[in-house]
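Chain letters run A, B, ... following the sequence lines, proteins first and then strands; every chain starts at 1.
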There are 2 protein chains.
Amino acid sequence: MSTVDKTLKLLGYLKTTSPELGLSQFTRLSGEDKASTHRRLTELTRAGFLEQDPVTRAYRLGAALTRLALTREQSFPRAEHARRVLERLYDSVRETVHVSVIQGTDGLSTLAHIDDHSHGNRVYIEPADLLPFHATASGIVTLAFAVKPFRDTVLARRFDRLTSETEIDPAVLALHLEDARRSGFGRSEGAYEPDVFSVAAPLFASDGTCIGAIATAMPKARFTEMSENRILSAVAKAASDLTSYWGGEPPGTLKATWDSMIV
Amino acid sequence: MSTVDKTLKLLGYLKTTSPELGLSQFTRLSGEDKASTHRRLTELTRAGFLEQDPVTRAYRLGAALTRLALTREQSFPRAEHARRVLERLYDSVRETVHVSVIQGTDGLSTLAHIDDHSHGNRVYIEPADLLPFHATASGIVTLAFAVKPFRDTVLARRFDRLTSETEIDPAVLALHLEDARRSGFGRSEGAYEPDVFSVAAPLFASDGTCIGAIATAMPKARFTEMSENRILSAVAKAASDLTSYWGGEPPGTLKATWDSMIV
DNA sequence: CCTGATGGTTCAAATAATGGACCTTGTGGT
DNA sequence: ACCACAAGGTCCATTATTTGAACCATCAGG
């Protein structure tokens with residue numbers, strides 16, 4: 001693993017649940033020695049990727065990230081497109097909706113989301129968390145339509161059991177992927193968070209590769225057979241819209257499926 | 001310069017004006033050899049800090065940046081606070097307003113801004129650009145209140161002449177800093193962009209160090225003596241509010257100046 | 001006034017980065 | 001059809017940077 005990899009990895013230890021960490025904590029998390037960790041933290045701080053509290057000496061994420069993320073969004077306003085499509089989808093389903101894109105082989109990163117505010121019992125999105133491929137509707141459907149080498153790399157991992165419903169057997173997961181490829185949708189029934197049902201459709205780039213998914217998530221109780229068709233249709237339309245907004249192209253068979261579902 | 005520095009520097013070449021660059025362009029910009037540049041780009045891509053267009057092979061900023069920036073903002077919602085204060089300031093002055101924070105020794109990075117939409121002739125903010133210390137009201141006032149070692153480091157640089165009004169002589173700049181320290185405000189009269197007048201007040205962290213500035217910018221024609229006091233008072237109030245929102249503490253003398261100006 | 005935790009620094013040894021040369025593909029010119 | 005050039009990308013002996021055990025300073029609790 002390169003020096004740069006090891007350095008950038010440090011940034012990943014900062015979560016919303018632990019937004020500041022000290023030198024010793026980084027050292028323990030990374031399993032490296034203190035001197036190297038310290039030099040890396042100093043380099044990241046110099047570059048503006050971290051900032052250090054002058055009193056506690058703890059490190060937190062820095063302003064350069066905000067600046068670069070702004071530049072990215074100004075150049076390629078994908079999040080803005082996503083938000084527009086999500087608004088329409090939310091109007092249809094009145095449940096929490098989100099768009100997430102592949103972030104390396106570890107999972108999906110959420111680009112935009114709308115939290116439901118029309119029900120008392122609703123599903124919250126933590127936009128800073130990576131969504132694992134094996135335990136979420138978005139992850140399953142993204143993996144199902146991803147290119148084979150990528151899928152194989154991900155499936156070679158060992159998966160974590162997050163709830164009692166999480167499937168971690170690669171053979172069974174392969175069946176789920178097969179199912180998603182046939183139907184065009186990924187499903188999760190409490191595999192990521194207990195009692196949360198979710199459906200997702202894949203999003204494609206201009207070269208036809210799958211780059212992420214659009215999904216809706218709700219409490220199990222509200223996902224009835226009656227509502228299912230309406231939800232699938234709305235999600236299919238959103239996926240189709242966003243894919244073409246982004247200049248993407250779905251595989252021919254899926255395009256046919258989507259068109260037949262959109263009323 | 002460390003390997004990590006050289007690698008992270010590559011990200012800086014991606015601007016809104018050049019959101020995608022190829023290997024050769026990065027190589028020329030960095031002045032390094034092609035093989036090393038390529039390895040660095042690959043590492044950044046693996047980490048999600050860049051993504052590569054599968055067709056053109058050009059590199060652009062990646063999804064990891066969005067994710068980290070979101071985490072940062074969730075943990076320390078400084079931009080949200082800034083936006084709230086900017087809204088009030090905008091209501092008072094009806095001109096473009098922005099909050100920028102120190103980003104290394106190169107300049108200030110804009111955290112939040114509101115573009116004026118009440119005049120035909122207005123000033124636009126390019127939030128992804130770094131504001132130079134010597135040619136902007138925000139830069140001058142931030143430097144004026146910054147700790148001495150930092151100020152000396154910045155003043156040791158050679159400055160670029162951006163317009164016919166840009167002051168680049170360190171001795172004269174030192175006088176401007178002195179003036180800003182006395183009055184509590186930085187000014188720029190067309191030194192960054194021709195015809196754009198700007199006033200800025202400093203922002204402080206909890207340890208009393210200056211971390212950035214809040215400013216308003218307008219066409220020269222609208223900055224009259226009559227409006228000046230109203231503007232200074234509004235900017236002072238905004239700086240005072242945002243500093244305390246962020247848990248910061250202005251120096252005693254400045255606090256007195258601000259309090260006397262706020263009606 | 002110990003003890004163990006924190007943040008930070010040093011420098012010889014070990015490892016990873018470097019970059020000139022090379023390969024391949026695509027484009028524009030004649 | 002052919003050549004010249006620039007693009008993206010790779011190889012590997014040389015070289016420079018990273019590494020990490022041992023170190024120091026400070027603080028909090030017992």
Side-chain angles (χ1 to χ4, degrees), chain A residues 1-15 17-62 104 147 149-150 153 205-209, chain B residues 1-14 18-62 104 147 149-150 153 205-209:
Chain A
M1 187 189 281
S2 79
T3 309
V4 174
D5 278 326
K6 283 182 264 185
T7 305
L8 293 180
K9 210 165 188 182
L10 293 175
L11 295 174
Y13 297 127
L14 293 169
K15 311 262 175 71
T17 48
S18 57
E20 289 186 302
L21 294 173
L23 170 59
S24 302
Q25 293 171 291
F26 275 113
T27 306
R28 271 192 299 275
L29 286 166
S30 64
E32 307 268 325
D33 66 294
K34 200 165 49 162
S36 300
T37 305
H38 180 250
R39 189 169 21 70
R40 293 191 190 124
L41 291 173
T42 308
E43 281 163 355
L44 287 169
T45 306
R46 251 211 320 276
F49 282 62
L50 288 177
E51 51 191 34
Q52 190 174 22
D53 189 302
V55 177
T56 68
R57 318 248 81 193
Y59 299 86
R60 49 171 171 253
L61 294 170
V147 290
F150 182 82
T153 309
S206 53
D207 60 343
T209 56
Chain B
M1 188 189 281
S2 78
T3 310
V4 174
D5 277 325
K6 284 182 267 189
T7 305
L8 293 180
K9 211 166 187 181
L10 294 175
L11 295 174
Y13 297 125
L14 294 169
S18 56
E20 289 186 303
L21 294 173
L23 171 60
S24 302
Q25 293 171 291
F26 274 113
T27 306
R28 273 193 297 276
L29 286 166
S30 65
E32 307 267 327
D33 67 294
K34 201 166 46 164
S36 299
T37 305
H38 180 250
R39 189 164 22 71
R40 294 192 189 123
L41 291 172
T42 309
E43 280 164 356
L44 287 169
T45 306
R46 250 210 321 274
F49 282 62
L50 288 177
E51 51 191 36
Q52 190 173 23
D53 188 302
V55 177
T56 68
R57 319 246 80 194
Y59 299 86
R60 51 171 171 255
L61 294 171
V147 291
F150 182 82
T153 309
S206 52
D207 59 343
T209 56

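When the side-chain nitrogen and oxygen atoms of A:R57 are compared with OP1 and OP2 of C:dG8, one or more of them lie within a distance under 4.0 Å. Contact annotation: A:T3 does not reach the phosphate of C:dA16 (side-chain N/O to OP1 or OP2, under 4.0 Å).
With rounding to whole Å, A:R28 atom CZ is found 13 Å from C:dG4 atom C1'. Whole-Å rounding puts the A:D53 CG to C:dG7 P distance at 12 Å. Whole-Å rounding puts the A:E20 CD to C:dT6 P distance at 16 Å.
Expressed to the nearest 0.5 Å, how far CZ of B:F26 lies from CG of B:L10 amounts to 6.0 Å. Atom CG of A:L23 sits about 10.5 Å away from atom CZ of A:R57, to the nearest 0.5 Å. In this structure, A:S18 OG and A:L29 CG are separated by 7.5 Å, a value rounded to the nearest 0.5 Å. Atoms CD and CD, on B:Q52 and B:E20 in that order, are 10.5 Å from each other to the nearest 0.5 Å. Put simply, CZ on B:R40 and CG on B:L44 are 9.5 Å apart, with the number rounded to the nearest 0.5 Å. To the nearest 0.5 angstrom, A:L8 atom CG is 4.5 Å from B:F49 atom CZ.
Considering A:E43, A:R39, A:K6 in turn, A:E43 is the only one that fulfils the side-chain contact (heavy atoms from CB on, under 4.5 Å) rule with B:V4.
Side-chain atoms of A:T42 and A:H38, non-hydrogen and from C-beta on, do get closer than 4.5 Å to each other.
Looking at which nucleotide of DNA chain C each of A:S2 and A:Y59 is closest to, the 5′-most match is held by A:Y59. The residue among A:L23 and A:K6 whose nearest nucleotide of DNA chain C is located toward the 5' end is A:L23.
Of all nucleotides in DNA chain D having an atom under 4.0 Å from a heavy atom of chain B, the first and last in 5' to 3' order are D:dA7 to D:dT18.
Residue A:E32 comes nearest to A:T37 through the heavy atom pair CB-OG1, 4.0 Å, listed as atom of the first residue, atom of the second, then distance.
Sorted by residue number, the members of residues 32-43 of chain A with any non-hydrogen atom under 4.0 Å from DNA chain C read A:K34, A:A35, A:H38.
Here A:Q25 lies out of heavy-atom contact (under 4.0 Å) with every strand.
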